[in-house]
Amino acid sequence: MLKKKVEEICNRQVEREGYSSNLYLAMASWAEANGFNGVADWLYAQSDEERMHMLKFIKYINERGSMAIMPAFKKPPVEYKNVEELFREVLKHEEFVTASINEIVALTHAEKDFNTHNFVQWFVNEQIEEETNARLILDKLRLVGKNNLYQFDRDIMSLRIPAAGTQTA
Ligand SMILES: [Fe+2]
Ligand SMILES: [Fe+2]
């Protein structure tokens with residue numbers, strides 16, 4: 001069984017990955033409703049990935065003889081000023097998730113829980129890719145400028161870096 005503190009921080013991550021999934025769904029909905037179908041596709045795919053991350057934590061907690069708890073999720077924001085602001089929020093959110101993954105690494109080290117320490121390494125790598133993805137998109141947005149969003153929206157799916165350990169593009 002997981003130590004109480006480790007179980008708690010893993011359940012906290014269930015909530016954070018689940019919220020990430022909902023956040024990107026809400027962003028996808030905003031993008032779709034505003035005519036950015038490529039951006040919406042990118043965000044729907046991102047939302048699916050985040051659900052997969054949540055499931056990884058749920059299954060890990062349960063496999064170790066503890067129990068994953070489904071939390072209530074807070075409501076994600078509904079409105080964005082523009083696509084650039086949306087992606088700045090994506091990057092900010094991913095930096096927050098990276099920090100929370102790092103806290104899990106630190107705790108498992110302190111608690112000498114090397115199984116969980118090993119498990120969470122996948123997420124350490126994943127977060128590098130998530131942040132790179134978001135920065136790449138922000139760089140591209142700066143390049144195309146405000147007037148060429150049509151092309152950006154058309155091409156955004158080709159910018160996706162596949163998530164660690166998955167075949168999805
Ligand atoms: Fe995630
Ligand atoms: Fe993420």
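Heavy atoms only: backbone and side chains are in, while hydrogens, waters and symmetry mates are out. When a ligand or atom number is given, it counts from 1 through the structure's own listing order.
- Under 4.0 Å is where a charged nitrogen must lie from a carboxylate oxygen, and between R88 and E85 no such pair does.
- Comment: E15 does not engage K74 in a salt bridge, judged by the lack of any side-chain N to carboxylate O separation of less than 4.0 angstrom.
- Salt-bridge check for R51 with D48: failed, with every basic side-chain N at 4.0 Å or more from each acidic carboxylate O.
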R154 and Y150: CA distance, side-chain angles, deciding distance, side chain to side chain donor-acceptor pair (under 3.5 Å) verdict: CA-CA 6 Å; R154 192 192 60 192; Y150 171 77; 5.2 Å; no

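- Inter-residue side-chain proximity for V97 and H93 is flagged as met; some heavy-atom pair is nearer than 4.5 Å.
- For Y44, there are no ring-ring contact (aromatic ring centres under 6.0 Å, His included) partners two or more places apart in sequence or in a different chain.
- Protein atoms that are N, O or S and lie under 2.8 Å from the Fe ion (ligand 2) are these: E50 OE2, E94 OE1, E94 OE2, E130 OE2.
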